[in-house]
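Structure record follows, encoded as structure tokens.
All chains are named by letter (A, B, ...) in the order of the sequence lines, taking the proteins before the strands, and each is independently numbered beginning at 1. These numbers come from the heavy atoms of this one structure, side chains and all, not from hydrogens, waters or symmetry mates.
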Protein chains: 2
Amino acid sequence: MHNKNVVPFITEKSDCGSDHPVCQACEVRACGMCSELNTDTLQELRKITRTKEYKAGEQIFCDEEPTENYATIKSGIVKLSKILPDGRQQTIGLGFPPDFIGRAFKDKNSSFASALTDVTVCTFPRELFNDYLKSTPSLEHKLFELTLNELDSAREWMLMLGRMTALEKVAALLLDFSDRLHKARLLQGLDSEKNNFELLLTRAEISDFLGLTIETVSRQFSTLKQKNLIAIKNQRFIDILDRPALDILAGHENY
Amino acid sequence: MHNKNVVPFITEKSDCGSDHPVCQACEVRACGMCSELNTDTLQELRKITRTKEYKAGEQIFCDEEPTENYATIKSGIVKLSKILPDGRQQTIGLGFPPDFIGRAFKDKNSSFASALTDVTVCTFPRELFNDYLKSTPSLEHKLFELTLNELDSAREWMLMLGRMTALEKVAALLLDFSDRLHKARLLQGLDSEKNNFELLLTRAEISDFLGLTIETVSRQFSTLKQKNLIAIKNQRFIDILDRPALDILAGHENY
DNA sequence: ATCTTAAATTGACATAGATCAATAATATCG
DNA sequence: CGATATTATTGATCTATGTCAATTTAAGAT
């Protein structure tokens with residue numbers, strides 16, 4: 001029944017019965033950074049963590065600010081972006097549970113983080129966490145793997161930004177978003193239909209991600225509807241009608 | 001005398017007098033991955049390494065191939081790129097000494113690597129190196145830091161690809177390339193003038209990097225010459241005449 | 001030197017996507 | 001429920017960059 005790519009959260013959680021209550025209830029105990037820690041070590045780390053909530057739209061941290069906290073995303077979606085001095089903006093990544101946010105080993109962030117939906121995170125003070133990381137190889141290893149995944153996806157998006165047409169970009173975004181949302185929902189123990197999801201980004205947010213304008217994004221949606229590749233209800237609820245065709249548009253090779 | 005950002009190579013090397021001869025002579029002994037290893041541990045790692053050389057243009061590894069080896073760049077410049085099924089290509093990064101190439105913990109590369117100049121690398125068999133990494137936290141830590149730097153620069157380029165004009169992209173590339181080349185040359189113990197360098201990339205390679213065409217890149221060079229921001233000798237030798245102006249074009253904020 | 005080949009520049013034109021403006025759909029608030 | 005504000009769509013242009021083609025420059029071979 002379980003999707004092979006998804007950590008079977010419910011089952012694993014039961015092994016953590018002696019965790020601190022906050023960790024026991026944590027949505028990402030079994031798949032996030034902490035999954036590498038046993039109850040004792042986690043107890044230790046728990047001393048420096050704090051749960052924080054952000055409403056959709058709120059800023060989590062800022063480019064120029066010194067990093068005070070790192071965080072693990074427990075629920076919701078976080079947007080990472082950069083801006084040019086004249087205000088032009090580019091989204092450089094989306095964070096889903098159980099992603100880590102912040103720049104390890106540096107005292108300055110190199111991007112803005114804001115809450116795309118309502119977000120719950122578990123925060124760690126920077127200095128303490130860096131020390132902790134250096135003395136806990138298993139934790140550092142896990143974080144390294146999360147970082148490698150982020151690098152992979154950043155490079156994937158570079159190909160998209162540099163070489164895809166507007167239509168292809170939108171197709172690629174829809175597929176990527178649907179997959180990640182699907183995984184995140186299964187993680188929460190929710191039912192999830194892969195081809196049917198709520199697009200949580202506004203057209204403006206999508207255009208910041210794809211390096212396009214709002215109008216161009218909107219036109220591509222219309223084209224995809226016309227071609228019967230997707231259907232849209234209320235401008236926010238997407239139905240993927242022809243995934244193979246979208247895959248081809250998005251350049252997902254199928255030999 | 002030393003640039004603050006550059007590891008004082010000569011001085012440090014003298015501390016490694018009992019290294020294996022190959023490591024002793026290594027250009028990146030003091031600043032690469034191995035800088036975290038003492039002579040004994042390095043002796044151990046040395047058993048699985050092999051030096052390889054590639055001529056400019058040669059392929060180092062391929063997207064679909066299973067990764068057999070990882071490598072550290074000892075000298076030369078490596079180009080990392082991705083291609084879409086229909087052949088469109090995007091360069092996703094340049095590797096300078098002492099960068100690591102390959103995807104740790106995965107058995108498949110997600111990009112092509114080829115030699116931009118003549119290149120010397122030190123290779124490690126994949127499986128052995130992954131094992132070694134897991135049991136040597138200091139090595140993994142260093143590699144993690146190198147990876148974080150790569151992620152930072154990938155995101156920097158995402159902003160460029162998505163939101164900069166052709167002229168701005170070329171300015172940003174020239175500045176980035178001049179800095180990295182400068183550092184690499186100092187590392188080699190060579191004299192280096194920051195504002196005066198050989199552009200080792202062809203117009204085609206530049207256009208693959210910037211998500212543009214050859215012709216557009218060429219036109220931007222002409223514009224920069226006209227504005228007296230740069231001078232070009234023999235199409236390959238760049239003189240930066242007005243760095244502050246280029247910095248502004250490239251969006252490097254100067255408060 | 002001269003010939004050959006590859007790379008870079010420049011020009012003329014086409015086009016994808018941007019910009020500006022009007023309308024429509026949806027959400028919010030009293 | 002209607003009034004207002006926000007977000008999305010659609011249409012009519014405009015423009016930066018792509019495309020195609022001709023010329024120039026440089027590099028290598030003989």
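The aromatic rings of B/Tyr70 and B/Phe100 are tilted relative to each other, their planes meeting at an angle between 30° and 60°.
Map A/Ser218 and B/Arg219 each onto its nearest nucleotide of DNA chain D; the residue landing nearer the 5' end is A/Ser218. Between A/Thr213 and A/Asn234, the residue whose closest nucleotide on DNA chain C is further toward the 5' end is A/Thr213. Mapped onto DNA chain C by nearest heavy atom, A/Leu167 and A/Lys233 fall at different nucleotides, with A/Leu167 at the one closer to the 5' end.
A/Arg236 places no side-chain N or O within 3.5 Å of a backbone atom of A/Thr202 that could act as its donor or acceptor partner. Without hydrogens or angle criteria, A/Thr123 side chain to A/Arg50 main chain gives a donor-acceptor distance under 3.5 Å.
Of all heavy-atom pairs spanning B/Phe209 and B/Gln90, the tightest one is O-NE2, 2.9 Å.
Protein chain A touches strand DNA chain C; the 5'-most and 3'-most nucleotides with an atom under 4.0 angstrom of its non-hydrogen atoms are C/dG17 to C/dT26. Put simply, chain A comes within 4.0 Å of DNA chain D, heavy atom to any atom, from D/dA8 to D/dA12, going 5' to 3'.
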| task | Report the C-alpha distance between B/Leu116 and B/Leu201 in whole Å, list the side-chain angles of each, state the deciding distance to 0.1 Å, and finish with yes or no for side chain to side chain contact (heavy atoms under 4.5 Å, CB included). | result | CA-CA 7 Å; B/Leu116 199 67; B/Leu201 303 130; 3.6 Å; yes
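Among the protein residues, B/Thr202 comes within range of the sugar-phosphate backbone only, with heavy atoms under 4.0 Å from sugar or phosphate atoms but none that close to a base.
A cation-pi arrangement is not found for A/Arg103 relative to A/Phe61, the charged atom failing to lie both closer than 6.0 Å to the ring centre and inside a 45° cone about the ring normal.
Salt-bridge check for A/Glu150 with A/Arg155: failed, with every basic side-chain N at 4.0 Å or more from each acidic carboxylate O.
The environment of B/Glu68 atom CD is sparse: at most 12 non-hydrogen atoms of other residues, nucleotides or ligands sit within 6.0 angstrom.
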